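Read the structure below first, then the notes.
All values derive from a computational prediction rather than experimental measurement. A, B, ... follow the sequence lines: proteins, then strands. Residue 1 opens every chain.
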Number of protein chains: 2
Amino acid sequence: MLHHAFGRFYQTAFAETGLTYAKYVMLKALVEKGKMSLSELSARLGVEPNTVSPLAKKMAGVGVIERVRDPEDERRIVLCPTEYGLAILKAADQTVTQNFADLEISAEDRSQAIALMSRLRSAVEQASPKRLELPEAPSAEGRDPPD
Amino acid sequence: MLHHAFGRFYQTAFAETGLTYAKYVMLKALVEKGKMSLSELSARLGVEPNTVSPLAKKMAGVGVIERVRDPEDERRIVLCPTEYGLAILKAADQTVTQNFADLEISAEDRSQAIALMSRLRSAVEQASPKRLELPEAPSAEGRDPPD
DNA sequence: ATTCGAAACTTCGTATACGAAATATTCTAG
DNA sequence: CTAGAATATTTCGTATACGAAGTTTCGAAT
């Protein structure tokens, strides 16, 4: 999976930081915007809040972000990069840029890939797939149970 | 994630079968080749055997494949689609074809996407990313532990 | 033949992600 | 002002994936 290949690629680069690819992306988005609520961040990244929630806790745990309830609205959790987080991200970005440069992927390929993926994604997300009608299932005669 | 968008797309189509996208792909590969050992299948799909192993068990559990030790070499597990599995796949493929047709993605886009992803993937997999040097970590003063 | 290494598979721990359901807080009708 | 809807986050269960470590089986070289 391309997905995991990228994960490994980044993982190698910043194993010691406690950051993973997903957390790196989160941190990057936070630094760009300064601070965001959990749901703002998840919307921006296009993942569900329940995915971001535990990651944000871990990131706060290692000190790259701060994580506090919004006094204006006690339902919200506000996420904000720390000094340390900024420093980490700066170093990480340098490494990533360097590593990508070594990668010999043209800028066109990169932007084409991104454009294509997002078109594919929105097409697939819009879709209302039809269900199939099931052929008759055989009995479980002597088979192991699923799981 | 495009990845998950596809997962949901297929999932909707064949929820009742106990198949998921990953299992559908496995079944499809198996039907194409007739039968394969676990490691042959995982190599073909480009995933690790330890990912395929539990999925194969579940698929055998619902009766879409057979899963037996190779008498020639007792280390090997041979996977082979059942009649039921063939029927399921046939129905699933029809639905998938239909759903894709509804999707309005041109054939060029599709093949371009595939080509691009595999180029990206092999570039990324070949790479030897450099590690970053870590800025000094702050103390854990009053923070929650990670996790 | 016995040992030693390689190969195939499984198990274990971890990391993303999701949907569904639970909880807490704020807002809104009446 | 209070009941109930809406919003924000968390928790829970499930599904892929991976790497590392363990088990069993096979093959090879002494």
Side-chain angles (χ1 to χ4, degrees), chain A residues 1-12 14-15 17-26 36-62 67-79 121 124-125 144 146-147, chain B residues 1-12 14-15 17-26 36-62 67-79 121 124-125 144 146-147:
Chain A
M1 314 278 94
L2 179 52
H3 186 248
H4 286 93
F6 269 103
R8 278 195 295 280
F9 182 71
Y10 284 97
Q11 195 75 53
T12 309
F14 30 76
T17 64
L19 282 188
T20 59
Y21 177 53
K23 300 196 194 94
Y24 164 73
V25 171
M26 281 173 62
M36 276 187 278
S37 76
L38 196 149
S39 49
E40 279 168 339
L41 178 57
S42 68
R44 192 162 221 257
L45 299 178
V47 299
E48 300 300 314
N50 59 357
T51 298
V52 172
S53 173
L55 296 182
K57 264 188 200 159
K58 279 180 207 146
M59 289 170 75
V62 296
R67 181 177 160 282
V68 286
R69 294 218 100 95
D70 184 349
E72 301 290 299
D73 182 341
E74 297 278 344
R75 288 171 302 182
R76 283 217 225 5
I77 297 274
V78 179
L79 306 174
R121 182 176 171 175
V124 172
E125 274 171 355
D144 284 338
D147 246 327
Chain B
M1 313 280 93
L2 178 54
H3 185 244
H4 287 93
F6 269 104
R8 280 195 296 280
F9 182 73
Y10 285 98
Q11 195 75 53
T12 309
F14 31 75
T17 63
L19 282 188
T20 58
Y21 177 53
K23 299 195 194 95
Y24 164 74
V25 171
M26 282 174 60
M36 275 186 278
S37 75
L38 197 148
S39 48
E40 279 168 339
L41 178 56
S42 67
R44 192 162 220 258
L45 299 179
V47 297
E48 300 301 313
N50 59 357
T51 298
V52 173
S53 174
L55 296 182
K57 263 188 199 160
K58 280 182 207 145
M59 289 171 76
V62 295
R67 182 177 159 283
V68 286
R69 292 218 102 92
D70 184 349
E72 300 291 299
D73 183 341
E74 296 278 344
R75 289 171 302 180
R76 275 210 259 295
I77 296 275
V78 179
L79 306 173
R121 180 175 173 174
V124 172
E125 275 172 354
D144 284 340
D147 245 329

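Atoms CG (B:Leu79) and C1' (C:dA8) sit 12 Å apart, rounded to a whole Å. A straight line from CD of B:Glu48 to C1' of D:dT16 spans 13 Å, rounded to a whole angstrom. Spacing between atom CG of B:Leu19 and atom P of D:dA15 amounts to 12 Å, rounded to whole angstrom units. For the pair A:Met59 CE and C:dA15 C1', the interatomic distance rounds to 14 Å; values are reported in whole Å. As rounded to whole Å, 14 Å separates atom P of C:dT16 from atom CG of A:Leu41. Computed from coordinates, the A:Tyr21 OH to D:dA17 P distance equals 17 Å when rounded to whole Å. Residue A:Ile77 contributes atom CD1, which lies 14 Å from atom C1' of D:dT11 at whole-angstrom precision. Rounded to whole Å, the distance from CE on A:Met26 to P on C:dA17 is 10 Å.
Here B:Arg76 pairs with B:Asp70, B:Asp73 under the salt bridge (charged side-chain N to carboxylate O under 4.0 Å, His left out) rule; sequence neighbours left out. Remark: A:Arg44 pairs with A:Glu32 by the salt bridge (charged side-chain N to carboxylate O under 4.0 Å, His left out) rule, at least two apart or across chains. Applying the side-chain contact (heavy atoms from CB on, under 4.5 Å) criterion to A:Glu74, with sequence neighbours excluded, gives A:Arg69. With sequence neighbours excluded, the residues forming a side-chain contact (heavy atoms from CB on, under 4.5 Å) with A:Ser53 are A:Leu38, listed by chain and number. Taking the side-chain contact (heavy atoms from CB on, under 4.5 Å) definition, one finds that A:Tyr24 meets it with A:Tyr10, A:Phe14, A:Tyr21, A:Lys28, A:Leu89, A:Ala92, A:Asp93, A:Val96, sequence neighbours left out.
The phosphate of C:dT16 (OP1 or OP2) has a side-chain N or O of A:Thr20 nearer than 4.0 angstrom. OP1 or OP2 of D:dT9 has not a single side-chain nitrogen or oxygen of A:Lys57 nearer than 4.0 Å. Distances shorter than 4.0 Å separate some side-chain N or O of A:Ser53 from OP1 or OP2 on D:dT10. Phosphate proximity of C:dC9 to B:Arg67: absent, as no side-chain N or O sits under 4.0 Å from OP1 or OP2. Regarding contacts with the backbone of D:dT9, a side-chain N or O of A:Ser39 is found under 4.0 angstrom from either OP1 or OP2. Applying the 4.0 Å criterion to OP1 and OP2 of C:dA15, one finds that A:Lys23 has every side-chain N and O outside that range.
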What are the atom names and distances for every N/O pair under 3.5 Å that joins the protein to nucleotides 20-29 of chain D?
| residue | atom | partner | partner atom | Å |
| --- | --- | --- | --- | --- |
| D:dA20 | N6 | B:Asn50 | ND2 | 3.1 |
| D:dC26 | OP1 | B:Glu74 | N | 2.8 |

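Comparing A:Ala22 and B:Leu38 against DNA chain C, the residue whose closest nucleotide sits nearer the 5' end is B:Leu38.
Annotation for A:Ala56 and A:Met26: closest pair N-CE, 3.9 Å, computed over non-hydrogen atoms.
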* To do: Under the side chain to side chain contact (heavy atoms under 4.5 Å, CB included) rule, what do B:Leu79 and B:Met36 come out as? Steps first, then yes or no, please.
  => CA-CA 5 Å; B:Leu79 306 173; B:Met36 275 186 278; 5.6 Å; no

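Here A:Thr51 lies in heavy-atom contact (under 4.0 Å) with a base.
Candidate nucleotides C:dC9, D:dT9, D:dT16 were compared by shortest atom distance to the side chain of B:Leu55, and D:dT16 ranks first.
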